[in-house]
2 protein chains.
Amino acid sequence: MARRRSEMLTDVELEFMIALWEIGTGSVRDIMGALDGEHQRAYTSVATVMKILDDKGFVTSDRKDRALVYSPAVEKGDYEGRSLKNLSKTLFGGTPTALVARLVDNEDLTDEMIQEIKEIIDTRIRKDDG
Amino acid sequence: MARRRSEMLTDVELEFMIALWEIGTGSVRDIMGALDGEHQRAYTSVATVMKILDDKGFVTSDRKDRALVYSPAVEKGDYEGRSLKNLSKTLFGGTPTALVARLVDNEDLTDEMIQEIKEIIDTRIRKDDG
DNA sequence: GTTTGATTACTAGAAAATTAGTACTTCATT
DNA sequence: AATGAAGTACTAATTTTCTAGTAATCAAAC
């Protein structure tokens, strides 16, 4: 516990959290196995970062016969929200509309995607009304 | 010129780029003046980072009687797009729809904002059709 | 009970990012 | 020409992040 300077993860921390969110819960070895495998890292490197994540409060740990089993203390959706808020704040003046505007003027966004996005918005509007 | 390892900016680089985008063009002193002012930094710190940004190709520089005057080589909108793509890739499986879904389930999003977002989407759809 | 294997804790070093000092250059002013 | 002011280039130190080694612990297998 303790530490928690920033509410945002560093690059490597995020990579490991993604692995943990993927598997739900797991030991250092499990997490190492769930990593993208691009980079190849020492067991102790993963263990060290997991401990840091524990210190920062992003995960919790439980001992299961000798080994630590980690679980997310922050949900992925929660962190996604944080990331969006963070990006919105730094680059879009805190207005999500500006963010969406930039998103949809991306050329390689297919018609289907746009349509899907429209449906998401419409659903949300209907939910508010109802 | 040269350098350009990552296409993404570091935190401090981004902070300075935002200042430069704000003023359009300016000397180290101008940029220093346009910073949020939260942090207070030495003149030479700003100068060093601006040189790095030049090396990486994010800005261009021109001498105007002795002093360097910097201009963005990457538009803010371009970098906004990059950032969104980056976030979408790491955290939303590369699907912008998932990103939007997360964005709109943010509670402190007002009805007006949602409505605005809807209009942005609808406009984009109409543009595609026509 | 000793060895082996797996794991954590601690430590440290490498790499990347940030900050800023010092020396040098150049121009304007005296 | 000497002095001072402003700026850049170079260098270096600090901080943060990332990586991994070593030692200690503990349980199981022999």
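As the structure is a computational prediction, the values presented were derived from the model and not from experiment. Letters A, B, ... are given to chains in the order of the sequence lines, protein chains preceding strands, and every chain is numbered from 1.
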K.L.:
Under 4.0 Å, heavy atom to any atom of DNA chain D: which of residues 23-30 of chain A qualify?
P.N.:
none

K.L.:
dA6(C) C1' sits how many Å from Leu68(A) CG, rounded?
P.N.:
12 Å

K.L.:
Output yes when a side-chain donor or acceptor of Asn106(B) lies under 3.5 Å from a complementary backbone atom of Asp108(B), and no otherwise.
P.N.:
yes

K.L.:
Could you tell me the separation between the CD1 atom of Ile31(B) and the C1' atom of dA6(D), rounded to a whole number of Å?
P.N.:
16 Å

K.L.:
If you only use heavy atoms from C-beta on, which nucleotide in dC18(D), dA20(C), dT7(C) is closest to the side chain of Tyr43(A)?
P.N.:
dT7(C)

K.L.:
Can you measure His39(A) atom NE2 to dA14(C) atom C1' for me and round it to whole angstrom units?
P.N.:
13 Å

K.L.:
Ignoring hydrogens and angles, are the base of dA6(C) and the side chain of Arg66(A) linked by a donor-acceptor pair under 3.5 Å?
P.N.:
yes

K.L.:
Given atom CE of Met17(A) and atom P of dC18(D), what is their separation to the nearest angstrom?
P.N.:
14 Å

K.L.:
Among dT25(C), dT8(C), dT19(D), find the nucleotide with the atom closest to the side chain of Arg63(A).
P.N.:
dT8(C)

K.L.:
Between Arg124(B) and Asp105(A), does a salt bridge (charged side-chain N to carboxylate O under 4.0 Å, His left out) hold up when you go through it step by step?
P.N.:
CA-CA 8 Å; Arg124(B) 162 70 195 247; Asp105(A) 90 4; over 6 Å; no

K.L.:
Measure from the side-chain N and O atoms of Tyr79(A) to the backbone N and O of Leu9(A), and report whether any donor-acceptor pair falls under 3.5 Å.
P.N.:
yes

K.L.:
What's the closest nucleotide to the Thr48(B) side chain, out of dT25(D), dA9(C), dC10(D)?
P.N.:
dC10(D)

K.L.:
Are any non-hydrogen side-chain atoms of Arg41(B) and Met32(B) less than 4.5 angstrom apart?
P.N.:
no

K.L.:
Using atom types as modelled and distance alone, determine if a side-chain donor or acceptor of Trp21(A) lies under 3.5 Å from a backbone N or O of Val74(A).
P.N.:
yes

K.L.:
Expressed as a whole number of angstroms, how long is the span from Ile52(B):CD1 to dT19(C):P?
P.N.:
11 Å

K.L.:
Rounded to the nearest Å, what distance is computed from the CE atom of residue Met8(A) to the C1' atom of nucleotide dT16(D)?
P.N.:
17 Å

K.L.:
Any sub-3.5 Å donor-acceptor pair from Lys76(B)'s side-chain atoms to Glu22(B)'s backbone N or O?
P.N.:
no

K.L.:
With a non-hydrogen cut-off below 4.0 angstrom, is Ala42(A) in contact with a base, only sugar-phosphate, or nothing?
P.N.:
sugar-phosphate

K.L.:
Quick one: on DNA chain D, does Gln40(A) or Tyr70(B) contact a more 5' nucleotide (nearest heavy atom)?
P.N.:
Tyr70(B)

K.L.:
May I ask you to decide if Met8(A)'s main-chain N or O and Ser6(A)'s side chain share a donor-acceptor pair within less than 3.5 Å?
P.N.:
yes

K.L.:
What nucleotide among dT18(C), dG5(C), dA9(D) has an atom nearest to a side-chain atom of Thr10(B)?
P.N.:
dT18(C)

K.L.:
Tell me whether Asp30(A) contacts the main-chain N or O of Ser27(A) through its side chain, where contact means a donor paired with an acceptor under 3.5 Å.
P.N.:
yes

K.L.:
Using atom CZ of Arg41(B) as one end and atom P of dA20(C) as the other, report the distance to the nearest whole Å.
P.N.:
8 Å

K.L.:
If you check every side-chain atom of Asp11(B), which of dA9(D), dT18(C), dC27(C) has the closest atom?
P.N.:
dT18(C)

K.L.:
When you get a sec, tell me which of dT18(C), dG7(D), dA20(D) is the closest nucleotide to the side chain of Ala67(B)?
P.N.:
dG7(D)

K.L.:
Given atom CG of Asp65(B) and atom C1' of dG7(D), what is their separation to the nearest angstrom?
P.N.:
11 Å

K.L.:
Strictly below 4.0 Å: does Ser45(A) bring a side-chain N or O up to OP1 or OP2 of dA20(D)?
P.N.:
yes

